[in-house]
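Residue numbers start at 1 and run along the sequence shown. The basis for the numbers below is simple: all heavy atoms, side chains too, and nothing from hydrogens, waters or symmetry mates. One-based numbering, in listed order, for ligands and for the atoms of each.
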Amino acid sequence: MKRIVFFASGNGTNVQQITEYFANNQQVEISYLFCNNADAYVLERAKNLHIPSMIINKQSFYESDMVLEKINQIHPDLIVLAGFLWLVPASLIAAYPQKIINIHPALLPKFGGKGMYGHHVHEAVVAAKEQQTGITIHYVNEHYDEGDTIFQTTCPVLPTDTADDVAAKIHLLEKEYFPKVIDKILFA
Ligand code: GAR
C-alpha cells in the first residue's frame, strides 16, 4: 500500500483531483491532510472525500514535533503540497528526503519565491507579457520553489488573456498532469 499525505491551504481542487484519480486503486491510500487555514474549502472537500485532516498553526508546525510525529505514524510514501503556502520546516525535509513534492503554477525558476502563489503568479505572468506559462512539479527543499524539477509542461498566453484566463489554463494542466506524475513517482 502506497500512502499519500497532503498539505494544502486553500480551495483544494488538486487534493480532490488526485484523490479521485486514485479512488479505484487499491494500492494507494490518501492517508491524511494537513491544513493551515481553518476557513479553507479544502477541509470541506476532505470531509466529503473521507480524508482525515488536522488544522495546524505556526506554533505546532514550526516549534513542535507534532506534525512530524503524526507523519511518522502514517509512514507515507509521498508528501504532496497542493496549494500549501508555508515553508516546510527543515526537520520534515530531512526526515523525508526526496519524498516531498510541490506543484507551482508557473515555469520555475520564473515567477517563484515567497509570496508567489495562486493568482499573484498569474497576474505577474500577464504583467510580464509572457507568451507562455505552465506548471512545475518539483521536490521541496528549505527554500520556496527551489527544489529539483520533476516535470514541467506549458500552455500559451495570448496577448488578450487576463489572469483569470491564465488561471483556467493552468487549472486544466494541473488536473491533467499532477495525478499522473504522482502515479509515476509512486510506482517508478
Ligand atoms: C494551484 O494552482 C497550485 O499550483 C498553486 O495554488 C493553487 C492551489 O489550488 N500553488 C502555489 O501557488 C504554490 N506556490 P487548489 O487549492 O485548488 O488545489
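- Sorted by first and then second residue, the side chain to side chain donor-acceptor pair (under 3.5 Å) pairs involving residues 63-84 (not counting sequence neighbours) are Asn72-Tyr96.
- Only the backbone of Met116 comes within contact range of ligand 1, with a heavy atom under 4.0 Å; no side-chain atom does.
- With ligand atoms numbered from 1 in the order given, ligand 1 contributes 1 (C), 2 (O), 3 (C), 4 (O) to contacts under 4.0 Å with heavy atoms of Glu174.
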Please table the atom pairs, donor to acceptor, closer than 3.5 Å between any side-chain atom in residues 127-137 and protein atoms at least two apart or in another chain.
residue : atom : partner : partner atom : Å
Glu130  : OE1  : Lys110  : NZ           : 2.8
Thr136  : OG1  : Ala106  : O            : 2.6
Thr136  : OG1  : Leu108  : N            : 3.0
Thr136  : OG1  : Gln152  : NE2          : 2.9

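- Residue-ligand proximity: Ile103 is placed with a non-hydrogen atom under 4.0 Å from ligand 1.
- The single protein non-hydrogen atom nearest to atom 11 (C) of ligand 1 is Pro105 CD, 3.5 Å, given as residue, atom name and distance.
- For ligand 1, the polar-atom distance check finds an N/O of Asn11 within less than 3.5 Å of one of the ligand's N/O atoms.
- When Thr136, Asp145, Thr13 are checked for heavy-atom proximity to atom 17 (O) of ligand 1, Thr13 turns out nearest.
- The atoms of ligand 1 that sit less than 4.0 Å from any heavy atom of Gly83 are 6 (O), 8 (C), 10 (N).
- At least one side-chain heavy atom of Asp183 sits under 4.5 Å from a side-chain heavy atom of Phe22.
- By the 3.5 Å distance cut-off applied to N or O atoms, Gly118 is counted among the residues near ligand 1.
- Protein heavy atom at the shortest distance from atom 16 (O) of ligand 1 is Gly12 N, 2.7 Å.
- Of all protein heavy atoms, the one lying nearest to atom 9 (O) of ligand 1 is Asn14 ND2, 3.9 Å.
- Nearest heavy atoms, Asn37 versus Leu43: O-CD1, 3.5 Å.
- At least one side-chain heavy atom of Phe187 sits under 4.5 Å from a side-chain heavy atom of Asn25.
- Nearest heavy-atom pair, Ser9 versus Cys35, reported as atom, atom and distance to 0.1 Å: CA-SG, 4.5 Å.
- At least one side-chain heavy atom of Met54 sits less than 4.5 Å from a side-chain heavy atom of Tyr32.
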